[in-house]
Amino acid sequence: MGVMDIWALAALAYWLFMLWDTLRARQWMLKLPRSEPEQAGWRTGRTPQDGKESEAPLVSIIIAAKEEESSIVETVKHLLGQTYPRIEIIAVNDRSQDTTGRKLDELRRWSEGRAGIAVPLRVIHITSLPSGWLGKNHALYQGYLQARGKYLLFTDADVQFEPGTVEDAVRFLQEQQADHVTLAPRMLVRGLWLRTFVQFFFFTLSLFIRPWRGNDDFQHRHGMGIGAFNLITRQAYERIGTHQAIALRPDDDLQLGRKVKEARLRQRLASGTEHIAVEWYTSLGEAIRGLEKNLFSGFGYRLSFAALGVLGQLALFLFPWAGMLLLSGPAAWGFTLSVALMLAVYFLLIRSITGEGGFEALLMPLSVVLLCYIVTRSVWLTLKQGGIYWRGTFYSLKELRRMKARDGFD
């Protein structure tokens with residue numbers, strides 16, 4: 001048996017396992033249900049179960065915004081139009097140099113004088129960043145300090161909310177007896193190439209972290225959080241140490257989810273494609289520049305892990321396509337079956353997470369090459385600079401690694 005035959009067999013075994021694991025995990029791939037009109041008990045002040053008077057728990061929605069002048073107004077207006085009867089919105093302007101702060105102040109004054117809007121909107125302006133914090137994490141923490149709600153919803157400044165989102169999520173959290181609910185949004189992308197890469201990025205990320213494992217109540221190592229929508233009880237948030245415990249984590253949303261599971265709390269990840277939408281990046285170039293800033297953090301800032309990640313992409317995602325086209329005999333058949341299994345896993349995962357996924361999968365080899373380039377460049381930039389620039393602030397690699405080691409993520 002030659003080297004190519006062994007390689008083909010290894011790739012086939014990998015994709016067979018991934019297909020089996022994905023099919024097995026479908027029981028944990030949930031979707032946030034929409035409320036039926038008769039379920040909307042909070043709108044009338046009565047619970048649908050027993051008809052008794054019930055006060056809905058207060059939900060504090062906390063948004064961190066830095067240079068978000070193009071999206072912050074629309075996001076807050078979506079939240080002001082929520083059907084859930086008891087929310088407060090805390091928008092934190094994190095040292096923005098554009099008109100974000102002014103627009104938030106104008107929006108606050110507009111909402112106060114608007115008939116039919118009873119949602120309190122508070123604006124916090126942060127002018128300096130203390131040492132030991134990433135800006136976004138510090139901003140969200142400051143929002144928490146001002147929040148009064150039993151439930152806390154951490155979200156981003158560029159998320160579009162359907163009117164019933166908060167109501168449906170609170171009901172889902174209570175029905176599931178969960179401490180934390182996080183939603184995967186519908187991704188708004190412009191153009192074939194950006195959509196192809198974004199879909200592939202989430203596909204390979206899902207294979208790496210297996211996000212649905214957070215819904216398995218019998219394991220407490222793997223958790224998930226998504227920045228667009230992290231709804232958590234105040235009690236759970238304080239139990240995991242708040243954002244102070246992840247103060248220097250660029251992947252704060254993911255680490256919040258991991259902390260929830262490590263604390264043996266109940267978590268639910270669900271597809272929220274019918275409830276929230278996000279335009280992650282507006283162009284492929286913007287996606288490349290955005291990811292190269294922090295992708296190295298996903299490997300714990302360890303060169304060996306990043307190298308293994310790139311080699312794995314080339315060996316298991318790219319080479320089967322080349323082997324299918326360029327080789328012959330048993331190796332070609334093995335790689336062909338690997339590609340078929342790869343596509344099957346792709347459709348199962350992408351459709352469960354985003355609700356869509358189509359022929360762009362045939363362009364996967366190009367996405368593999370691009371992702372490997374971004375990882376390599378992310379490593380090179382971080383090592384060259386001795387750290388990362390995040391939202392205009394520099395954080396040293398030594399400081400970032402120390403934070404990871406302290407949290408036990410190495």
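We use all heavy atoms of the structure for the numbers below, so side chains are in, but hydrogens, waters and symmetry mates are not. Remember, it's a predicted structure, so these values are computed and weren't measured experimentally.
In this structure, E262 does not pair ionically with R221, as no charged nitrogen and carboxylate oxygen lie closer than 4.0 Å. Salt-bridge check for R190 with E279: passed, with a basic side-chain N closer than 4.0 Å to an acidic carboxylate O. In summary, R102 and E69 do not engage in a salt bridge, as defined by a charged side-chain N under 4.0 Å from a carboxylate O.
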> Taking it one step at a time, do V181 and L183 satisfy side chain to side chain contact (heavy atoms under 4.5 Å, CB included)?
Replying inline: CA-CA 7 Å; V181 166; L183 300 181; 4.1 Å; yes

> Between Y141 and Y144, is a ring pair (Phe, Tyr, Trp, His ring centres under 6.0 Å) present by the stated rule, with each step listed?
Replying inline: CA-CA 5 Å; Y141 179 68; Y144 150 73; 5.8 Å; yes

> Would V278 and D156 count as a side chain to side chain contact (heavy atoms under 4.5 Å, CB included) if you check the C-alpha gap in whole Å, the side-chain angles of each, and the deciding distance to 0.1 Å?
Replying inline: CA-CA 9 Å; V278 175; D156 294 331; over 6 Å; no

>> Walk me through whether Q313 and T204 qualify under side chain to side chain donor-acceptor pair (under 3.5 Å).
In response: CA-CA 9 Å; Q313 283 284 315; T204 190; 2.7 Å; yes

>> I'd like to know whether I388 forms a side chain to side chain contact (heavy atoms under 4.5 Å, CB included) with K293, so could you lay out the CA-CA distance, the side-chain angles of the two residues, the decisive distance to 0.1 Å, and finally the verdict.
In response: CA-CA 6 Å; I388 64 172; K293 292 179 182 178; 5.9 Å; no

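Aromatic ring orientation, W280 versus F201: tilted (interplanar angle from 30° to 60°). Using cut-offs of 30° and 60° for the angle between ring planes, the F319 and W7 rings count as parallel. Under the 30°/60° scheme for interplanar angles, the aromatic rings of F154 and Y237 are found to be tilted. The aromatic rings of F394 and Y389 sit tilted, their planes meeting at an angle between 30° and 60°.
How far OG1 of T22 is from CE of M18: 7.5 Å, rounded to the nearest 0.5 Å. Note: L366 CG to W321 CH2 = 10.0 Å, rounded to the nearest 0.5 Å. If you take CD on Q82 and CD on E167, they are separated by 9.0 Å, rounding to the nearest 0.5 Å. To the nearest 0.5 angstrom, I90 atom CD1 is 5.0 Å from S60 atom OG. Once rounded to the nearest 0.5 Å, the distance linking CE of M224 with CD1 of I209 reads 4.0 Å. Note that the CZ atom of R264 and the NE2 atom of H220 stand 4.0 Å from one another [nearest 0.5 Å].
Defined by atom type and a distance below 3.5 Å, a donor-acceptor pair is present between the side-chain atoms of Y346 and E360. A donor-acceptor pair shorter than 3.5 Å can be found between the side chains of Q267 and H180. Residues H138 and D94 bring no donor and acceptor atom of their side chains to less than 3.5 Å of each other.
Taking each heavy atom of R34 and D168 in turn, the nearest pair found is CA-OD2, 3.5 Å. Between I350 and Q199 the shortest heavy-atom distance is CD1-O, 3.2 Å. Minimum interatomic distance between D179 and A236 (heavy atoms only, all atoms of both residues): CB-CB, 3.9 Å. Contact between W212 and A25 at its shortest, heavy atoms only, is NE1-CB, 2.9 Å. N137 and R249 make their closest contact through ND2-O, 3.2 Å (heavy atoms, listed as atom of the first residue, atom of the second, distance). K261 and D216 make their closest contact through NZ-O, 3.0 Å (heavy atoms, listed as atom of the first residue, atom of the second, distance).
T182 places a side-chain N or O within donor-acceptor distance of the main-chain N or O of I226, the cut-off being under 3.5 Å. Between the side chain of S71 and the backbone N or O of A157, at least one donor-acceptor pair lies under 3.5 Å. In this structure a side-chain-to-backbone donor-acceptor pair under 3.5 Å is missing from T165 to F161. Of the possible polar contacts, one joining the T75 side chain to the V159 backbone as a donor-acceptor pair under 3.5 Å is found. Not one N or O on the side chain of Q142 forms a donor-acceptor pair closer than 3.5 Å with the backbone of I126. For the pair R266 (side chain) and A178 (backbone), a donor-acceptor distance under 3.5 Å is absent. Side chain of S271 to main chain of K31: no donor-acceptor pair is present (N/O by atom type, distance under 3.5 Å, no hydrogens or angles). For T100 (side chain) and E68 (main-chain N/O), a donor-acceptor pair under 3.5 Å exists by modelled atom type. Within the 3.5 Å criterion, the main-chain N or O of Q176 finds no donor-acceptor partner in the side chain of R268. Of the possible donor and acceptor atoms, one in the side chain of R122 sits under 3.5 Å from a partner among the backbone N and O of Q146.
In this structure, the ring of W15 has its center less than 6.0 angstrom from the ring center of F317. Taking the centre of each ring, F299 and F296 stay at or above the 6.0 Å mark.
Taking a 6.0 Å sphere around CH2 of W333, one finds it holds 12 or fewer heavy atoms contributed by other residues, nucleotides or ligands. With a 6.0 Å radius and a threshold of 12 heavy atoms from other residues, nucleotides or ligands, Q235 has its CD atom at or below the threshold.
Side-chain contact check for N93 versus I72: every heavy-atom pair is 4.5 Å or farther apart.
Figure legend: R24 and W20 shown as a cation-pi pair, the cationic atom lying under 6.0 angstrom from the six-membered ring centre and within 45 degrees of its axis.
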